[in-house]
2 protein chains.
Amino acid sequence: MSQDQVPEIVVDRLPLYLRMLEFLKKEDKAITSSQELADRLGLSSAQIRKDLSYFGGFGKQGTGYAIDYLIKQLRQILHVDRVWDVALIGAGDLGRALAHYQGFEQQGFRLVAIFDNAPKKIGTAVGDLHVQDMAELPRLVREKTIRVAILAVPADAAATVAAKLVELGICAILNYAPITLNVPPNVRVYHIDPVIGLQNMAYYL
Amino acid sequence: MSQDQVPEIVVDRLPLYLRMLEFLKKEDKAITSSQELADRLGLSSAQIRKDLSYFGGFGKQGTGYAIDYLIKQLRQILHVDRVWDVALIGAGDLGRALAHYQGFEQQGFRLVAIFDNAPKKIGTAVGDLHVQDMAELPRLVREKTIRVAILAVPADAAATVAAKLVELGICAILNYAPITLNVPPNVRVYHIDPVIGLQNMAYYL
DNA sequence: TAGATTGTTAATCGATTAACAATC
DNA sequence: TAGATTGTTAATCGATTAACAATC
């Protein structure tokens with residue numbers, strides 16, 4: 001099925017399904033059902049079956065879904081059956097925390113470079129990487145054909161850096177800066193902001 | 001209007017409106033319109049007017065919305081016209097990055113304690129705070145009547161710690177651990193996971 | 001076979017949008 | 001007054017769910 005026939009809200013749930021399947025696999029399960037997934041994720045089983053049906057029939061009536069097989073299929077669908085090189089912009093506390101995070105690689109992403117413009121930080125080690133000058137960004141992006149970036153710079157620098165990323169051909173930005181980025185429609189932004197989450201929950205307090 | 005008549009998806013957007021209004025205020029604007037907000041946020045103006053209308057009429061026909069007034073109203077609606085004390089669990093890289101983040105306080109939240117169970121970390125300084133033993137958590141939560149927690153511990157510890165938080169009466173958890181937490185329906189969880197964001201965008205690559 | 005669970009359809013439910021009277 | 005923009009209604013659109021035939 002062609003990509004843009006799938007509602008975005010369905011795509012939003014696929015990574016959650018994938019994560020849950022990998023969790024069940026770690027529990028040494030081999031088979032699951034739409035009902036089990038639904039219970040664990042707080043959704044309805046019909047929704048899970050419908051979501052999956054946009055991409056094909058991955059289960060067996062009477063049995064359910066083979067976890068390994070469904071993981072493999074979801075990885076293909078999400079394009080994480082390969083590893084994407086990622087540029088990390090910003091070597092502050094947050095940038096360093098992200099650089100140390102071990103969970104990216106097995107989920108389809110590898111940090112290949114970390115950048116900052118503070119002379120003091122350039123050259124210092126962060127995990128396996130060394131902080132590079134922002135001036136090196138265009139060369140690295142070109143050489144490694146990087147299409148994904150993580151933006152972990154202060155709010156006042158974010159708009160400028162984002163424009164630069166777009167100019168260099170980055171088409172997916174994981175944005176940790178607390179501002180709404182303005183990018184062309186062909187560039188995806190996924191925004192992570194703890195304050196938004198806290199304020200959301202505060203409504204219900 | 002009573003709280004549970006407002007769709008969750010509307011509440012999800014309110015913090016975004018608030019953040020954008022504060023951004024416009026920083027640009028020295030005093031007045032805005034549903035159209036301007038919509039353009040900046042990539043939504044429709046009708047949606048913004050409808051969302052706000054769940055809570056009251058905050059604008060003036062022919063003029064728009066007074067930014068300061070609407071900020072004040074949204075803060076009240078979201079219950080961030082006060083400051084909530086927050087417990088931060090986990091003093092790893094991520095915990096430290098969060099502890100150093102300066103943006104919480106003016107948005108309604110103040111980190112009042114940071115906990116870890118690693119003897120090496122206990123007592124060390126992180127920003128203005130000193131890392132405390134997890135054993136102190138119950139006392140602190142009780143003494144300060146803390147209702148909000150940020151969970152920044154490794155995946156394998158998250159379920160246990162979350163259960164503890166629930167037991168202590170925490171009712172909002174900002175979860176940075178890459179697992180789906182199982183909590184009672186009266187407890188809110190807002191999940192932040194960079195991998196979910198990256199995988200989501202990878203679908204469109 | 002009996003029991004279980006999928007994939008799919010049609011019905012329901014709910015969210016978004018278009019349109020406009022009200023009014024600043 | 002003329003122009004602009006709100007708040008609200010009704011229509012549209014799209015997502016979720018219920019139900020069940022198919023089938024393992």
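Keep in mind that this is a model prediction, so the values were computed, not measured. Atom set for the values below is all heavy atoms of this structure, side chains included, hydrogens, waters and symmetry mates excluded. Just so it is clear: chains get the letters A, B, ... in the order the sequence lines come, proteins before strands, and each one is counted from 1.
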What integer distance in Å separates [X]:[atom1] from [N]:[atom2]?
X	N	atom1	atom2	result
A:Asp39	C:dT5	CG	C1'	14 Å
A:Ile9	D:dC13	CD1	P	19 Å
B:Tyr65	D:dT5	OH	C1'	8 Å
A:Asp51	D:dT16	CG	C1'	10 Å
A:Asp12	D:dA15	CG	P	11 Å
A:Ile48	C:dT5	CD1	P	14 Å
A:Leu52	C:dT5	CG	C1'	13 Å
A:Leu43	D:dA18	CG	P	13 Å

With a 4.0 Å cut-off on N to O distance, would you call B:Asp68 and B:Lys25 a salt bridge?
yes

B:Arg13 and B:Asp51 ion-paired at < 4.0 Å
yes

Compare side-chain N and O positions of [X] against OP1 and OP2 of [N] and report whether any pair is under 4.0 Å apart.
X	N	answer
A:Gln47	D:dT16	yes
B:Arg49	D:dT9	no
A:Thr63	D:dC24	no
B:Arg13	C:dA15	no

Paired with C:dA15 by Watson-Crick or G-U wobble geometry, both distances under 3.5 Å: which nucleotide is it?
D:dT12

Opposite nucleotide pairing with C:dC20, Watson-Crick or G-U, both atom distances under 3.5 Å
D:dG7

By the 4.0 Å heavy-atom rule, please label B:Ser34 as base, sugar-phosphate, or nothing.
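Sugar-phosphate: the residue B:Ser34, judged by heavy atoms under 4.0 Å, touches backbone atoms but no base.
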
Please check if any side-chain donor atom of B:Arg49 sits under 3.5 Å from a side-chain acceptor atom of B:Ser45, or the reverse.
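Looking only at side-chain atoms, B:Ser45 and B:Arg49 do form a donor-acceptor pair, the distance falling under 3.5 Å.
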
Identify, between A:Gly62 and A:Lys50, the residue whose nearest nucleotide on DNA chain C lies closer to the 5' end.
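Result: A:Gly62.
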
Using the closest heavy atom to pick a nucleotide of DNA chain D for each, name whichever of A:Ser44 or A:Gln61 lands nearer the 5' end.
A:Ser44

Classify the ring geometry between A:His79 and B:Tyr203 as parallel (under 30°), tilted (30 to 60°) or perpendicular (over 60°).
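Parallel, since the angle between the ring planes stays under 30°.
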
For the residue pair B:Glu22 and B:Lys26, establish whether any side-chain heavy-atom pair is separated by less than 4.5 Å.
no

Among D:dT8, D:dT6, C:dT5, the one nearest A:Ser33 by side-chain distance
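Nearest nucleotide to the side chain: C:dT5.
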
